[in-house]
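First comes the structure, then the notes that go with it.
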Amino acid sequence: MQPIKALSSYVKMNKYQPVMRITCLGLLIIFLCMSCKEEHDHKGRTPLVELDGNFLYVEDVQSVLPVGLSGEDSLAFVQRYIRTWVEETLLFEKAQSNIPDDDELNRQVASFRKSLIMHTYQQALIHQKFSEEISEEELQDYFQKNQALFKVERPFMKGLFIKVPLTAPKLANVRRWYQQENREAVEKLEKYSFQHAVKYEYFYDRWKPVAEVLDLIPLKEEGVEEYLDKQRHIELKDTAYYYFLNVSEFSPVGSQEPYDLAHKRVKDMLLNVKQVEYMQQVKDDLYRRAEEKEKIKYYLE
């Protein structure tokens, strides 16, 4: 009996029993002994399928088998995985037999392997070197010295927004509170919003894209960005709601990007600079050592 058929029979016979702590792949191992008669050094791995001397191993499938699948789902996954492996193996063999083993192809393969090895090694070095966080002092220093690199590409703002029904009580208090940025006014507005607001957003402490804010209010003004920059306290209404928006800070397109808005880009850019400099230092050190040991030989003057 083939391993997959044997496993399928097992699943059908046991589909009403409680789930046991054993995977379908574990059961496959039991049946594989019946099909693996040819001597072959599998280096401790358990063969699952063989095709023209190519082997798919239980461990290969087990490493990609999703956790938590039922017996039948596990079986279906294994069958699909085997089918894909067989198809790709057959296609590769067909391609090999129809594409000549030319020098250009070998050169491309060798070049790719070389690049992959160097990239893997560089990533390991970089991870080891820069595993610790870059200090805030370094980030701010880089930002100050490279401010020309940090310009606002889309408008952002900080502020507070509240949306309440036209019938909400104590609207005079809301009009007063939303314009004040002190802690007491904010706390009163937060308590009010729990009972009466349809939507409430506090973003005095973070930059929010203006486009996202505009999605919250029925503002029809031309030159919206300029309007928001000048009109810091905005009250609007439609047939059902009042909309209150306090613009505490505004960064228009083309302006100098505030540090707290640029922080992530500053960190990414500085990290990239450090990585490039570090890898150049590694290359320079390798070159210097090769020269000291006279390993480099020049044949043309």
Side-chain angles (χ1 to χ4, degrees), residues 43 57 59-67 81 84-85 88 92 102-159 203-213 225 248-301:
K43 298 181 179 179
Y57 295 96
E59 289 79 8
D60 296 332
V61 184
Q62 195 164 22
S63 66
V64 297
L65 182 67
V67 177
Y81 193 90
T84 300
W85 179 84
E88 290 182 351
F92 178 71
D102 57 43
D103 293 338
E104 175 60 21
L105 182 61
N106 291 333
R107 187 193 65 77
Q108 291 182 23
V109 172
S111 176
F112 177 76
R113 183 175 185 275
K114 177 182 176 182
S115 298
L116 182 60
I117 290 174
M118 288 193 301
H119 175 74
T120 303
Y121 177 65
Q122 289 182 61
Q123 290 302 111
L125 285 178
I126 288 171
H127 179 73
Q128 182 179 7
K129 177 70 175 179
F130 300 104
S131 57
E132 296 182 0
E133 286 287 322
I134 300 175
S135 70
E136 189 65 22
E137 183 179 352
E138 286 183 283
L139 292 173
Q140 292 192 19
D141 181 64
Y142 182 80
F143 175 73
Q144 292 299 328
K145 292 178 179 178
N146 297 276
Q147 290 198 4
L149 299 176
F150 302 99
K151 299 295 182 181
V152 177
E153 297 178 353
R154 56 174 178 158
F156 284 83
M157 60 174 288
K158 289 183 179 182
F203 52 103
Y204 286 137
D205 57 347
R206 72 185 192 282
W207 291 97
K208 192 176 181 72
V210 168
E212 292 183 12
V213 178
E225 293 178 21
S248 64
E249 294 184 59
F250 190 86
S251 287
V253 173
S255 64
Q256 178 62 54
E257 196 168 2
Y259 175 72
D260 55 342
L261 176 57
H263 186 272
K264 185 180 184 304
R265 285 207 301 135
V266 172
K267 184 176 180 180
D268 291 343
M269 291 174 69
L270 179 54
L271 181 60
N272 183 66
V273 169
K274 283 179 170 288
Q275 289 175 355
V276 171
E277 291 177 348
Y278 173 65
M279 286 313 306
Q280 187 58 54
Q281 179 186 336
V282 170
K283 293 174 184 177
D284 290 343
D285 289 343
L286 290 171
Y287 188 89
R288 176 179 53 79
R289 291 174 187 174
E291 279 193 323
E292 290 174 353
K293 295 179 181 180
E294 298 183 350
K295 295 173 65 175
I296 306 173
K297 298 180 180 180
Y298 299 97
Y299 290 95
L300 293 178
E301 302 235 349

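All residue numbers refer to positions in the sequence shown, counting from 1.
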(request) With sequence neighbours left out, write down each residue that passes salt bridge (charged side-chain N to carboxylate O under 4.0 Å, His left out) with Glu137, or none if nothing qualifies. (result) none
(request) Just jot down the salt bridge (charged side-chain N to carboxylate O under 4.0 Å, His left out) partners of Asp103, sequence neighbours excluded, or say none. (result)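 Here no residue qualifies.
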Using the test side chain to side chain donor-acceptor pair (under 3.5 Å), find all partners of [X] that sit at least two apart in sequence or belong to another chain.
| X | result |
| --- | --- |
| Glu212 | Lys208 |
| Asn106 | Asp101 |
| Asp285 | none |
| Gln280 | Asp284 |

(message) List the residues meeting side chain to side chain contact (heavy atoms under 4.5 Å, CB included) with Val64, not counting sequence neighbours, and say none if there are none.
(response) Phe77, Tyr81
(request) Tell me, please, which residues at least two apart from Lys274 pass side chain to side chain contact (heavy atoms under 4.5 Å, CB included). (result) Phe130, Ile134, Glu138, Leu270
Under 3.5 Å donor-acceptor pairs involving side-chain atoms of residues 289-298, not counting sequence neighbours:
{"residue": "Glu292", "atom": "OE2", "partner": "Arg288", "partner atom": "NH1", "Å": "3.1"}
{"residue": "Tyr298", "atom": "OH", "partner": "Tyr287", "partner atom": "OH", "Å": "2.9"}

(message) Please enumerate all residues that pass ring-ring contact (aromatic ring centres under 6.0 Å, His included) together with Tyr204, with sequence neighbours excluded.
(response) Tyr202
Counting only pairs under 3.5 Å, give me each side-chain donor-acceptor contact of residues 114-128, with atom names and distances, residues two or more places apart or in other chains.
{"residue": "Ser115", "atom": "OG", "partner": "Ser111", "partner atom": "O", "Å": "3.0"}
{"residue": "Thr120", "atom": "OG1", "partner": "Leu116", "partner atom": "O", "Å": "2.8"}

Please tabulate, for the side chains in residues 140-158, all donor-acceptor contacts under 3.5 angstrom to protein atoms that are two or more places apart in sequence or on a different chain.
{"residue": "Asp141", "atom": "OD2", "partner": "Lys145", "partner atom": "NZ", "Å": "3.2"}
{"residue": "Gln144", "atom": "OE1", "partner": "Gln147", "partner atom": "NE2", "Å": "2.9"}
{"residue": "Asn146", "atom": "ND2", "partner": "Tyr142", "partner atom": "O", "Å": "2.8"}
{"residue": "Lys151", "atom": "NZ", "partner": "Gln256", "partner atom": "OE1", "Å": "3.3"}
{"residue": "Lys158", "atom": "NZ", "partner": "Asp260", "partner atom": "OD2", "Å": "2.8"}

